[in-house]
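Convention: sequence-line order gives letters A, B, ...; per-chain numbering from 1.
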Amino acid sequence: MSDSPAANSPAPEVPAKTMEQIVALCRRRGFVFQSSEIYGGINGFWDYGPLGTELKRNLKNAWWQDVVQRELIGPHGEPIDVVGLDCTIIMNPKVWEASGHVGGFSDPMVDCRETKQRYRADHLVVLGAVEAGARLWAFVEGDDAGRAKAIKGICKYEKREALDAARHIVRPYPTVPADERARIVGPDATEVGTLTEPRQFNLMFKTLVGAVEDPGNYSYLRPETAQGIFVNFQNVMDSTRVKIPFGIAQIGKAFRNEVTPRNFTFRSREFEQMEIEFFIHPSEAATWYAWWRDWRFSWWQSIGLTSANLQLREHDRDELAHYAKEGAGTSDIEYRFPFTAPGYGELEGVAHRSDFDLRAHATASGKNDKAKHFDQARNERYFPHVIEPSAGADRGTLALLCEAYTPDPSRPSGVFMKFNPRMAPVKAGIFPLVNKDGMPEIGEKLFRTLRKKHVVEFDEKQSIGKRYARMDEAGTPFCITIDSESLTAQTVTVRHRDTQQQEKLAIDAVPAWLDAQIGTDS
RNA sequence: GCGGGAGUAGCUCAAUGGCAGAGCAGCUGCCUUCCAAGCAGCAGGUUGCGGGUUCGAGUCCCGUCUCCCGCUCCA
């Protein structure tokens, strides 16, 4: 519950939405269930129920349509080429060695909070006096410069000329007791206590390929979909008439053994990504980076994240990932979830990955410079740079749920889900006002017509108010009621979810009207 | 990973260590001409899971799982 006294926040009397309420509605109405719930669940895994499945599918379909299938006009006013790809979850383990996922993340690691550097714990040693209260210096074993720096630090700190071999000893970092770690200066740090505990970073799920239990048969579930695109870059170039600049898009599952899954579906161990790797000439990185960043931000707005809860945030230099240290930058498109408020959580990252990945795979596969792309228009050979807009489908779905959740004490349901019509799991409910006088027959006929293109529901049971209330909680934007005038004047009454206002429409006009409301009329 | 809290029907909650219940929601039928109306009925549970104490455990004890909150983490 966020009650930050933002001076410009409108409508203060709207009841706050809590994550607890949203989770309860998701479960009650079948948006999201806990995975394996009857066995007590499993931490970090979630299932989508019937409504949630439609919602997530609508999100993914909209992304695919807008990124791959429909015309998209780029920064120079020309249509953009993006082609699709669908790679396997399990790949040759060499992919993950080349990408840096295996080497860096299977051993205990130590992070420096000050410099954001990461070290293998078993490579770090600590130099200093063993006595209580002494300041200690860490450096990477075998790094002579680091050792010299540590010695210099000690001498200066203790105001002495040289080390005292009896007191100043070198110890492996993992053997230093936890209570002494607060006094350690990290290898590249200037202050004490910035190193974390050694931690196991085995974030990839390991699995056995083939029936024989043999270490050589292990591989991993992919921790990101991006690498499948990079290793297929040449295949796509060779089999498709695309020319740089162009993009490859993929939607698919990825897996990370997160230390702490938390916040509903936000940090799950199995999740789905929607990624574009857009390949460009290095000189155009800044232009394309800015264009994708801005277009992606407006896209999230276009599917319903219209509130001030959506923001675009440029990363600080020291926050950049290893593959993006140099380059045009990285931005996060962030949403203020109830559980992050007043802070924000990442929906999508847009990063200039430079040529990090293509170059890494060129080296690891032994192709080296032979893997460089020849650009005929420029008569130049180079590793293309990459702009990567990488979005989370589950996080996007969660943001849609949080954004849509609208408490309204005046309604019988007490809440309604204000989905954008394009995202709404059910587009319309078709209800005979009463279950007689031929109204059910007319309704069922309309239902069959609309059903050819849209997810719609037909319900003739119980009172009309109850049916409206149910549709409010499902987020259905329109309810189409067959009433007595449907029999005489061939009209229906459309009830709008958000306003509860009603309007009359000719029955024959309903299909085209609904198409237009959802944006599928073109 | 650390600390705190919670867990009984789909939901909200009852049940002194002594037969596991109610309201709402759901389903069936009747009724019903616009926002969860009414009537009748049905169904819903190994009290998160596993041990222990006891003649007897939803209740007491131990363990464990899951969720929530705060740290930590998030290549």
Next item on the list: Classify the ring geometry between Trp513(A) and Phe478(A) as parallel (under 30°), tilted (30 to 60°) or perpendicular (over 60°).
Entry: perpendicular
Item checked: Given Thr53(A), Asp394(A), Thr397(A), the one that forms side-chain hydrogen bond (donor to acceptor under 3.5 Å, both in side chains) with Tyr48(A) -> Asp394(A)
Note to self: Without decimals, in angstroms, what is the distance between Gln462(A) CD and rU28(B) P?
What the structure shows: 8 Å
Next item on the list: Report which part of the nucleic acid Glu346(A) touches: base, sugar-phosphate, or nothing (heavy-atom distance under 4.0 Å, all strands).
Entry: nothing
Notebook entry, point to check: Are Gln311(A) and Glu334(A) close enough that a side-chain donor and a side-chain acceptor fall under 3.5 Å?
Noted result: yes
Note to self: Using whole Å, what does the distance between atom P of nucleotide rA9(B) and atom CZ of Arg28(A) come to?
What the structure shows: 16 Å
Margin query: Would you measure the distance from the C1' atom in rU66(B) across to the matching atom in rG52(B) and give it in whole Å?
Written below: 23 Å
Next item on the list: For rC67(B), take OP1 and OP2 only and decide whether either is under 4.0 Å from a side-chain N or O of Asn43(A).
Entry: yes
Note to self: For a quick check, tell me whether the side chain of Glu20(A) and the base of rC67(B) share a donor-acceptor pair closer than 3.5 Å.
What the structure shows: no
Next item on the list: Compare the minimum distances between each of rC34(B), rU32(B), rC67(B) and the side chain of Ile464(A), then state the nucleotide with the smallest one.
Entry: rC34(B)
Margin query: Without decimals, in angstroms, what is the distance between Phe266(A) CZ and rC73(B) C1'?
Written below: 13 Å
Notebook entry, point to check: Is Arg467(A) touching bases, backbone alone, or none of the nucleic acid, heavy atoms closer than 4.0 Å?
Noted result: nothing
Notebook entry, point to check: For atom P, what is the distance between rU64(B) and rC55(B), given to the nearest Å?
Noted result: 28 Å
Note to self: For a quick check of understanding: with a heavy-atom distance under 4.0 Å over all strands, which category does Arg27(A) fall into, base, sugar-phosphate or nothing?
What the structure shows: sugar-phosphate
Item checked: Any Arg262(A) side-chain nitrogen or oxygen under 4.0 Å from OP1 or OP2 of rC67(B) -> no
Next item on the list: Spell out yes or no: do the side chain of Arg29(A) and the base of rG10(B) have one donor N/O and one acceptor N/O closer than 3.5 Å?
Entry: no
Checklist line | CA sep, side-chain torsions, deciding dist, call: Asp459(A), Lys466(A), salt bridge (Lys or Arg N to Asp or Glu O under 4.0 Å) | finding: CA-CA 11 Å; Asp459(A) 191 354; Lys466(A) 203 168 214 171; over 6 Å; no
Check: Looking just at side-chain N and O atoms, do Tyr335(A) and Thr340(A) make a donor-acceptor pair shorter than 3.5 Å?
Finding: no
Notebook entry, point to check: rA9(B) and rC49(B): how far apart are their P atoms, nearest whole angstrom?
Noted result: 10 Å
Margin query: Among residues 477-485 of chain A, which ones have heavy-atom contacts with RNA chain B below 4.0 Å?
Written below: Thr481(A), Asp483(A), Ser484(A)
Notebook entry, point to check: Quantified in whole Å, what is the P atom distance between nucleotide rC42(B) and nucleotide rC34(B)?
Noted result: 32 Å
Next item on the list: Nearest-nucleotide wise, let me know which of Ala24(A) and Arg411(A) is further upstream toward the 5' end of RNA chain B.
Entry: Ala24(A)
Next item on the list: Mind calculating the distance between CG (Asn257(A)) and C1' (rA75(B)) to the nearest angstrom?
Entry: 14 Å
Check: Which part of the nucleic acid, if any, lies within contact of Asp472(A), taking any heavy atom under 4.0 Å across all strands shown: a base, the sugar-phosphate backbone alone, or nothing?
Finding: nothing
Check: Are Phe264(A) and Phe339(A) an aromatic pair by the rule of ring centers under 6.0 Å?
Finding: no
Checklist line | Salt-bridge present (Glu275(A), Arg353(A); N to O < 4.0 Å) | finding: no
Item checked: N or O in side chain of Lys466(A) less than 4.0 angstrom from rC34(B) OP1/OP2 -> no
Check: Between rC24(B) and rU16(B), how far is it from one C1' atom to the other, in whole Å?
Finding: 28 Å
Check: Between rC34(B), rU66(B), rA36(B), which one does the side chain of Pro412(A) approach most closely?
Finding: rA36(B)
Margin query: Any side-chain N or O of Asn263(A) below 4.0 angstrom from OP1/OP2 of rC67(B)?
Written below: no
Check: Among the nucleotides rA36(B), rC69(B), rU33(B), which one has an atom lying closest to any side-chain atom of Met19(A)?
Finding: rC69(B)
Note to self: Would you say Ser463(A) places a side-chain N or O within less than 4.0 Å of OP1 or OP2 belonging to rA37(B)?
What the structure shows: yes
Check: Does Lys436(A) put a side-chain nitrogen or oxygen below 4.0 Å from OP1 or OP2 of rU32(B)?
Finding: yes
Next item on the list: Give a yes or no on this: more than 12 heavy atoms of other residues, nucleotides or ligands lie within 6.0 Å of atom CZ of Arg451(A).
Entry: no
Next item on the list: Inspect the contact between Glu457(A) and Arg470(A) and indicate whether a charged nitrogen and a carboxylate oxygen are less than 4.0 angstrom apart.
Entry: no
Notebook entry, point to check: Touch check for Phe264(A), heavy atoms < 4.0 angstrom, all strands: base, sugar-phosphate only, or nothing?
Noted result: sugar-phosphate
Margin query: Just the rounded figure in Å: distance from P of rU28(B) to CG of Asn435(A).
Written below: 11 Å
Item checked: Watson-Crick or G-U stems involving RNA chain B, each at least 3 pairs long, distances under 3.5 Å, ordered by first number -> B:1-7 with B:65-71, B:10-13 with B:21-24, B:26-30 with B:38-42, B:48-52 with B:60-64
Check: Going by an N to O cut-off under 4.0 Å, is there a salt bridge joining Arg448(A) and Glu444(A)?
Finding: yes
Next item on the list: Give the rounded distance in Å between these two atoms: CD of Glu258(A) and P of rG1(B).
Entry: 13 Å
